Amino acid sequence: MSRIIGIDLGTTNSCVAVLDDKGQPTTLAAADGERTIPSWVSWSVSGQVAVGARARRQGVTNASATVFGAKRLIGRKVNADDVSWFARLAPFRIVAAPNGDAWVRIHGQPISPQEIAAHVLRAVRRVAEESLGEAVTRAVVTVPAYFDDAQRQATRDAGQIAGLDVVRILNEPTAAALAYGAHRVGEGRRIIAVFDLGGGTFDISLMSVENGIFEVLATGGDSALGGEDWDRRVQERIVDEVFDQHRIDITSIPMAMSRLREACENAKKALSTEDHAKIALPFLANDQHGAPINYEKRIDREYIEGLTKDLLDRLEPPCRRALEDAKLAPNEVEEVLLVGGMSRWPAVQAVVERIFGKKPSKGANPDEVVALGAAAYAGILSGDSDDAALLDVTPHDVGIRVGDSQFALMVPRNSMLPVRAKRLFATTTENQRFVSIELYQGDDQDVSRMRKLGQVVLDDLPAGPAGSVRVELVITIDVESILSVTARELRFGREASVTIRPSGGLSQREIVEIIQRRRLETQFAASLPPSADEDGVAGGVRVTTREQLITRPGDPDDSGKA
Ligand code: AMP
């Protein structure tokens, strides 16, 4: 069996780790020495796919065909609130697939977020294979704790498209806690907080750890807050300065904006440890007389802090809300673990300390800690590590519809998997011939706001007055989140069952079609002269040939932005 790698498939960046010879998790570097790969995918006009840093550099010059944040779309419907918000913001088109899923349209072609994530996973897989010198086919992939079954399954499907068997989906805060060794320290139940401030999102998770069992007590955050907001503030200030001095609006010059964004981010990163940083951008643009604008500025940490105070203020309310949801006082949290590159920022750490009344733990590298935890978990799964058992839990409530739209809970969220729940029903009308039971998942009291998982119908019920026929419903969810439901009439034992596998939106046939198409594209690219398929990390693919290669059932509706 090949070894199992651990992958942090992030909104902004992704990272891969494995257990080293001594059984310690370690992240792997790409050929350029970087240990995180931007989760960006770009399609050039000439049809080449670029992934990672190369794709990100095209974010300004080729904005409509450069996709970031596909994780915000995976397994989601286009009309979900935060998807609509992202669609308004994103410079690429987000469209509705025939089933209402959020897809992306690039050069007129509809592409599922699963396929986009697969490009990133393939790049990550290649980093692992080049670094290990062996083929890699199995992975543990992390997802946010609040991902529902559809989002988790869509992530698995992305793995399959990338040629990876996703042996387990792991919650990101659980992965972080594992990497920090939080499961080993001490006896008894401990409460920890995982504070994750990445490039585009902020997540706070409160968890309890006991005997190697992680339970997510509450999650919260702000899906529109991350390190990029800090960069943008500095960028906007410099755009204003250049305008005031030269009467030139550089926002209309993509190349200048791309360079400015990179310079601002680098300065911010440097200032998390240094006192001063220099932003130097020679030949940024030409002024009104055609003379070059050579921009240069020395800034200190206070300069950025002054521009971003309101961003810091947005960190506290989600933490307070999560504490309230988990019915915890801040001092009951024993340890706060930092995750996400932006958690390195000293002012962010000061906010964490103020909220929880203790210094956050800084033992691990916040950019890599989730991938390290995934690798540690991979070690446990493959038997290379005899660490504590780690049990998965259900991320959301599962239950049935009663009456018009009320929800009756059967399996509460955070139930340890596998789980089994029973409930007895009686007929409500005379000579009722069948019962139809609809299953829902979510965290609400009204099923119209929840995700319908499926339905089981038991017919040919024996005749009798209302309440005389009793039906037992049994729900089982296994460790792979596969849900089985059986409804059984108790007098004669007639029963009906369904097995509900989580669906990520793509059918198995569609996934196989994508894999076959990708194979054809790769073969076609390989038959081109060598220079034509050079794309850096991910392997060259010519999308201009797609039309010859694809017949897609039902083209997603391009009715404008979501
Ligand atoms: P992640 O999504 O965890 O990879 O985090 C990426 C974000 O962290 C980006 O906005 C980076 O600019 C930011 N970041 C990375 N390193 C640092 C650092 N040393 N100081 C401040 N921000 C950082």
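Because the structure is a prediction, the values reported are computed rather than measured. No hydrogens, no waters, no symmetry mates; every other heavy atom, side chains included, goes into these values. Just follow the structure's listing: the first ligand is 1, and inside any ligand the first atom is 1.
Around CZ of R298, the count of heavy atoms belonging to other residues, nucleotides or ligands within 6.0 Å does not exceed 12. With a 6.0 Å radius and a threshold of 12 heavy atoms from other residues, nucleotides or ligands, F243 has its CZ atom above the threshold. R35 CZ: more than 12 foreign heavy atoms inside a 6.0 Å radius. Within 6.0 Å of the CG atom in D313, the count of heavy atoms belonging to other residues, nucleotides or ligands exceeds 12.
Below 3.5 Å of separation, one finds no N or O of G198 facing any N or O of ligand 1. Residue contacts with ligand 1: K268 is placed with a nitrogen or oxygen under 3.5 Å of a nitrogen or oxygen of the ligand (distance criterion only). Considering backbone and side-chain N/O atoms, G340 never comes within less than 3.5 Å of an N/O atom of ligand 1. In terms of polar-atom proximity, defined here as any N/O pair under 3.5 Å, D231 makes no such contact with ligand 1.
The protein non-hydrogen atom at the shortest distance from atom 2 (O) of ligand 1 is G199 N, 3.1 Å. Summary of contacts: the protein heavy atom closest to atom 18 (C) of ligand 1 is S272 OG, 3.5 Å. Nearest protein heavy-atom contact of atom 5 (O) of ligand 1 is G341 N, 3.2 Å. With respect to atom 4 (O) of ligand 1, the closest heavy atom belonging to the protein is N13 ND2, 2.7 Å. For atom 9 (C) of ligand 1, the closest heavy atom belonging to the protein is E265 OE2, 3.7 Å.
Taking the six-membered ring for Trp and thresholds of 30 and 60 degrees, F86 and F92 have ring planes more than 60 degrees apart, a perpendicular arrangement.
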Practice item. Mind running salt bridge (Lys or Arg N to Asp or Glu O under 4.0 Å) on R54 and D32 for me, showing each step along the way? Key: CA-CA 11 Å; R54 281 191 57 172; D32 60 4; over 6 Å; no

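Only the side chain of R344 comes within 4.0 Å of ligand 1, counting heavy atoms alone; its backbone N, CA, C and O stay farther away.
No donor-acceptor contact under 3.5 angstrom links the side chains of Y180 and E335, judged on distance only.
Test E305, E265, Q235, M342 against W230 for side chain to side chain contact (heavy atoms under 4.5 Å, CB included) and you get one pass: M342.
Below 4.0 Å from some heavy atom of T12 lie the following atoms of ligand 1, by number and element: 2 (O). Atoms of ligand 1 found under 4.0 Å from any heavy atom of E228 (numbered from 1 in listed order, with element): 10 (O).
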